[in-house]
Number of protein chains: 2
Amino acid sequence: MSDVARTAGVSVATVSKVVNGRYGVAQATVERVQQVIHELGYEASLGAQSLRSHRTNVLGILVAEFEPFSTELLKGASREVAGSGYQLLAYSSGDGEGAAIGWERRSLARLSGTLIDGAVIVTPTVIETKDGFHVVAVDPHTGPSGLPTVDSDNFAGAVLATNYLLSLGHRRIGHISGRPDLESARLREAGFRRAMADADVPVDERIVRVGGFRVESAASTAAELLALPDRPTAIFAGNDLSAISTMDVARSMGLTVPDDLSVIGFDNVPESALVNPPLTTIMQPLQRMGAEALRLLIDLIAGVERDTHIRLPTELVVRASCRPYR
Amino acid sequence: MSDVARTAGVSVATVSKVVNGRYGVAQATVERVQQVIHELGYEASLGAQSLRSHRTNVLGILVAEFEPFSTELLKGASREVAGSGYQLLAYSSGDGEGAAIGWERRSLARLSGTLIDGAVIVTPTVIETKDGFHVVAVDPHTGPSGLPTVDSDNFAGAVLATNYLLSLGHRRIGHISGRPDLESARLREAGFRRAMADADVPVDERIVRVGGFRVESAASTAAELLALPDRPTAIFAGNDLSAISTMDVARSMGLTVPDDLSVIGFDNVPESALVNPPLTTIMQPLQRMGAEALRLLIDLIAGVERDTHIRLPTELVVRASCRPYR
DNA sequence: ATCGGTATCGATAACGTTTTCGAATCTTCC
DNA sequence: GGAAGATTCGAAAACGTTATCGATACCGAT
């Protein structure tokens, strides 16, 4: 900056004003300084800026891992950020299923102090928000954390899924639930139980199991479920990934989907339309959720008054992995 | 930091030494300060650190967009970064197919000045490396930019793919190439032509067309190709995404793959195993490429002497989208 | 000519670190 | 007991920016 100042024959203070478009500098000077800035290829130092003004115009999005679910969110968020004057940094806490807990909190704290003005988090653990730092959560968080949140109606979606299976005549319906520390997983299981109860169909506890949201863990639970002497005729998987791996397991056990087993998922990640057979599932508007989360974050930082909890609707999308019983 | 210093009864200089593990502070003091740091939940300000020492221990990975290809790279890179002492920030330049050119260069320049110590770029345009800033490219870049690079053997892979189609008896083979500003796309087309020439099979220029690497653009070229009176019996698509959309187009035109049309892709993104029929393709070790790129970057920063260009082998993976001709 | 008011600009003090280097204290050894 | 050397610590400068506020120049009106 001092280089620019010297070359343009002004002080650094003036350069700063030009860069930030502050009032109080002559039009001629503005143009001259901008010219020099362009020639010298000057870029302000983000670090120094944040040090001084406690703003960086950088937003973060923290995901546990880069899998299809968060990738969709990322897409939505990065589309929304364009033209907002912010930059978006995606950041993977790198912990797989419950690996280094607390680590994500620490690294976020590190970044938040100085690097980013706010963050949207797509992780199970809730984070205490420091002083001037804004965070919005995607997916419901457990407990009474007053965190601004955007999620979809997981409970209603699970009811939708279960009712669909019921309407196809299935009675012996299994459920592979997601990791239990995720509130969304709990809500989906609750929705499942509610729909079953409303239909007066008893749930056999031996065929509802926690499988986690990852491929590997879901596969082993699916294998157990399907090896049962009286295996379920339909399975409501906690998310698409585990639904897909359930279908894989079924195939490898000589079962064909949907003839021998109906499978329904949750999320509607792009993969679910691709698999064979195409997966019937519950759609969450993932990209839109990412976009809404980012917009909410921006509004929060700007201090606009608005609803701080957004719940988007879910929807049944019928493809080919379910079929009437018998 | 001054809070910590005051509470522990030492100077900020000493706290800094403790934080960075510098030599020259008594064991007792170290423990006392660390205790206070823990109690107060102190985290160093990245901005100030970078301002002073020109290091942040943060690495960036810049992708054009979050699609399956870059997501795999991201996975590999973020696995590699664990335990390296660095943090990884992913960053989408947000431009789709050639949207805002130069924008990626600018934002990288902005970050590089102060925020990150180095970056791996997964974008077509080559970036001039500033003074102390290291960047490594994934995928070959055109021109004589001496950028450290990790890529896979695109030419050999394309030969592999074409020879496979040839060995199945196909002679009328079409090619949908990637965006022409990508060196990898050019190499794949070159490999295709070489294999055809070596087999003494003339290539009909009307059935080799540029389709871009995106779904939409590939779809329209595929549609044109298949609408031809004497359409190709096999298509070598420039990447998996365009292969998949080619199969979609074929299906929508009443053609079945592989009976009426063989399709082979390139990349082996996870999706290609999922689609129906499962896609025969050329594998690039995407995750490994991401990991190698990150390792190369770290080594570069650390100043270790090593080979600065890594080329990984490609491999034919046969699934079900190709079948012998006639 | 003088004066109040406006534009325009620059010196300077932070912001939170790291590093250098000298001061102070402690050890060891003759 | 004293000097040399080792150890431990802190004062202060510097990194690149922004905000404040006083200084200067200019204007039109009396």
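Reminder, nothing fancy here: chain letters follow the sequence lines and each chain counts from 1.
The two atoms that bring A/E65 and A/S70 nearest to each other are O-OG, 2.7 Å, heavy atoms only. The two residues B/F69 and B/D139 come nearest to each other via the heavy atoms CZ-OD1, 4.2 Å. Minimum interatomic distance between B/L62 and B/S92 (heavy atoms only, all atoms of both residues): CD1-C, 4.4 Å.
Within the 3.5 Å criterion, the main-chain N or O of B/L59 finds no donor-acceptor partner in the side chain of B/D117. For the pair A/S50 (side chain) and A/L115 (backbone), a donor-acceptor distance under 3.5 Å is absent.
Between the P atom of D/dT18 and the CZ atom of A/R55 lies a distance of 12 Å, rounded to the nearest Å. B/D3 has its CG atom 14 Å from the C1' atom of C/dT17, to the nearest Å. In this structure, B/M1 places its CE atom 15 Å from P of C/dC15, rounding to the nearest Å. Between the CG atom of A/L115 and the P atom of C/dG16 there is a distance of 15 Å, rounded to whole Å. Rounded to whole Å, the distance from CG on A/L40 to C1' on D/dG16 is 15 Å. Atom NE2 in B/H54 sits roughly 13 Å away from atom C1' in D/dT17 (whole-Å rounding). Rounding to whole angstrom units, CG of residue B/L46 and C1' of C/dT18 are separated by 14 Å.
Shown here are the side-chain contact (heavy atoms from CB on, under 4.5 Å) partners of B/A137, two or more places apart in sequence or in another chain: B/I121, B/H141, B/L147, B/T149. Under the side-chain contact (heavy atoms from CB on, under 4.5 Å) criterion, B/V12 pairs with B/M1, B/S2, B/A5, not counting sequence neighbours. Residues that satisfy the salt bridge (charged side-chain N to carboxylate O under 4.0 Å, His left out) test with B/R295, not counting sequence neighbours, are B/E80, B/D299.
A salt bridge (Lys or Arg N to Asp or Glu O under 4.0 Å) check over residues 11-40 of chain A, counting only residues at least two apart or in different chains, returns nothing.
Both B/R22 and B/A48 lie near DNA chain C, and the one whose nearest nucleotide falls closer to the 5' end is B/A48.
With distances taken from any side-chain atom of B/S45 to the nucleotides C/dG16, D/dT17, C/dT18, the minimum falls on C/dG16.
The shortest distance between the side-chain N/O atoms of A/Q49 and the OP1/OP2 oxygens of D/dT18 is below 4.0 Å.
The bend of the helix from C/dA1-D/dT30 to C/dC30-D/dG1, defined by the angle between the axes of its first five and last five pairs, stands at 50° to the nearest 10°.
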(request) Could you run through nucleotides 7-13 of chain C and give me one letter per nucleotide, 5' to 3': B if any protein heavy atom sits under 4.0 Å from the base, S if only the sugar-phosphate is that close, - if neither? (result) SSBBB-B
